[in-house]
Participant: 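Sending over a structure as structure tokens; questions will come in a sec.
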Amino acid sequence: MPGTDITGATAIVTGASRGFGRGIATALTQAGARVVGVARDTGRLAEVRAALGEAFIPVTGDAADPDMAGRLVDEYRPGLLVLNAGATPLPRTIQRHTWETFGRNWEVDVRHVFGWVREALLAPLAPGSTVITLSSGAALNGSPLSGGYAGAKATIRFITSYAAAESERDGLGIRFVSVLPQLTAATSLGARYVAAYAARAGASGPSGAALTTEQAGAAIASLAADPALDQPAYLVTAAGLRPVA
Ligand SMILES: NC(=O)c1ccc[n+]([C@@H]2O[C@H](COP(=O)([O-])OP(=O)(O)OC[C@H]3O[C@@H](n4cnc5c(N)ncnc54)[C@H](OP(=O)(O)O)[C@@H]3O)[C@@H](O)[C@H]2O)c1
């Protein structure tokens, strides 16, 4: 990777037990970082630890718990924070959602980004630190089978840009960037939606090569390491990173 060396840096990755989060933890440890990985499933975190070794520190818990965010930011003072944890929304048309199922990604994805971004600014993390949030391509185009998901992911992009402005105003030197992955069947969340859209007449899934968890991990690692990647938001596809206008 060109640019900033992340060897020896400490990263916290939420949702590190599977899917993109595991791919991100793998890419970051391969680049020489120490990764604190947060998820609720202790068994799956133990599998990641067995695969990645001592550079991966598993922490079991709810990433949307504000105490968890404050405690881990204080303890590890990460140079890189990857806010990836996300709930799988129910694949249903809008009239089949309840307010609770509609709001699931607000309670997990948005709530956790809100809490961790707040802690990053208040700590504050050291100048030169990076906070990367997982939005979604759905934030641009909508996602008619996933209730409030697309709006929640658009809000994550807004929160990230608001935090970037606060960092700039206060001269904190913390970089905030959001990434918008393309829908892919490579994770359990994505597979559920690729199948749901394929089953729905008139709606199409993503075309072209599918994004893999390894490619997602490599994209996040290059965002952390390459100072030339300085835009506020990027689409992530199998072809790599592309700035979002
Ligand atoms: N896959 C796609 O096509 C796609 C496209 C665009 C954006 N995204 C976004 O990318 C991120 C990762 O998605 P994915 O596809 O990798 O999903 P996934 O395979 O379902 O993995 C989700 C991860 O988040 C963790 N998680 C969920 N709720 C949590 C909570 N309350 N506290 C801590 N960890 C929690 C899960 O672990 P536990 O269950 O063990 O807690 C798991 O490690 C999400 O934010 C998603 O919205 C995905």
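Just follow the structure's listing: the first ligand is 1, and inside any ligand the first atom is 1. Below, each value reflects all heavy atoms present in this structure, side chains not excepted, and no hydrogens, waters or symmetry copies.
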Participant: Tell me whether the rings of Phe102 and His97 are parallel (<30°), tilted (30 to 60°) or perpendicular (>60°).
Facilitator: perpendicular
Participant: Provide the number and element of each atom of ligand 1 under 4.0 Å from a heavy atom of Gly61.
Facilitator: 32 (N), 33 (C)
Participant: Could you check whether any heavy atom of Val108 sits closer than 4.0 Å to an atom of ligand 1, since that is the contact criterion I want to use?
Facilitator: yes
Participant: Examine Val131 and Val179 and state if one hydrophobic cluster contains both, with Ile, Leu, Val, Met, Phe, Trp and Tyr joined whenever side-chain heavy atoms are less than 4.5 Å apart.
Facilitator: no
Participant: Nearest heavy atom to atom 19 (O) of ligand 1 wins, so pick from Arg18, His112, Met68.
Facilitator: Arg18
Participant: Nearest to atom 17 (O) of ligand 1, what protein heavy atom do you find, and at what distance?
Facilitator: Leu189 CB, 3.6 Å
Participant: Under 4.0 Å from a heavy atom of Ser135: which atoms of ligand 1 are those, numbered in the order shown and with their elements?
Facilitator: 7 (C)
Participant: From atom 34 (N) of ligand 1, work out which of Ala191, Ala139, Ala39 has a heavy atom at the shortest distance.
Facilitator: Ala39
Participant: Could you identify the single nearest non-hydrogen protein atom to atom 29 (C) of ligand 1 and state the distance to 0.1 Å?
Facilitator: Arg40 NE, 3.5 Å
Participant: Which residue and atom name correspond to the protein heavy atom nearest atom 46 (C) of ligand 1, and how close is it?
Facilitator: Tyr149 OH, 3.7 Å
Participant: Under 4.5 Å between side-chain heavy atoms, counting indirect links through other Ile/Leu/Val/Met/Phe/Trp/Tyr residues: same cluster for Val13 and Ile57 or not?
Facilitator: no
Participant: Does one side chain, of Ser143 or Tyr197, offer a donor that lies under 3.5 Å from an acceptor on the other?
Facilitator: yes
Participant: Tell me the protein heavy atom at minimum distance from atom 3 (O) of ligand 1, and give that distance in Å.
Facilitator: Thr184 N, 2.9 Å
Participant: Is a salt bridge present between Glu47 and Arg44, judged by a nitrogen-to-oxygen distance below 4.0 Å?
Facilitator: no
Participant: Any ion pair linking Arg40 and Asp62 (charged N to carboxylate O, less than 4.0 Å)?
Facilitator: no
Participant: Just checking, any donor-acceptor pair under 3.5 angstrom between side chains of Thr42 and Thr60?
Facilitator: yes
Participant: Mind checking whether Asp41 has an N or O less than 3.5 Å away from an N or O of ligand 1?
Facilitator: yes
Participant: Hey, which atoms in ligand 1 end up nearer than 4.0 Å to a heavy atom of Lys153?
Facilitator: 44 (C), 45 (O), 46 (C), 47 (O)
Participant: Which residue supplies the protein heavy atom nearest to atom 43 (O) of ligand 1, what is that atom called, and how far is it?
Facilitator: Ser17 OG, 2.7 Å
Participant: Hey, quick one: are Ile156 and Leu134 part of the same hydrophobic cluster, counting side-chain heavy atoms closer than 4.5 Å, chains of contacts allowed?
Facilitator: no
Participant: Nearest protein heavy-atom contact for atom 31 (N) of ligand 1: which residue, which atom, what distance?
Facilitator: Asp62 OD1, 2.9 Å
Participant: Quick test of your reading of the structure: of Gly86, Ser188, Gly19, Ala85, whose heavy atom lies closest to atom 27 (C) of ligand 1?
Facilitator: Gly86
Participant: Between the side chains of Arg18 and Ser188, does any donor sit under 3.5 Å from an acceptor?
Facilitator: yes
Participant: Return the option from Val194, Leu211, Ile156, Asn84 holding the heavy atom at the smallest distance from atom 12 (C) of ligand 1.
Facilitator: Asn84
Participant: Do Ile6 and Val36 belong together in a cluster built from hydrophobic side chains that touch within less than 4.5 Å?
Facilitator: no
Participant: Only heavy atoms of Leu183, strictly under 4.0 Å: list the atoms of ligand 1 that pass.
Facilitator: 3 (O)
Participant: Look at the rings of His112 and Trp116 and say which category their plane angle falls in: under 30° parallel, 30 to 60° tilted, over 60° perpendicular.
Facilitator: perpendicular
Participant: Using distance alone, decide if ligand 1 has a nitrogen or oxygen within less than 3.5 Å of any nitrogen or oxygen in Ala64.
Facilitator: no
Participant: Which heavy atom of the protein is the closest neighbour of atom 16 (O) of ligand 1, given with residue, atom name and distance?
Facilitator: Phe20 N, 2.8 Å
Participant: Starting from atom 32 (N) of ligand 1, find the nearest protein heavy-atom neighbour and note its residue, name and distance.
Facilitator: Ala63 N, 2.8 Å
Participant: Looking only at non-hydrogen atoms, find the nearest pair between Phe20 and Asn84 and report the distance.
Facilitator: CB-OD1, 3.7 Å
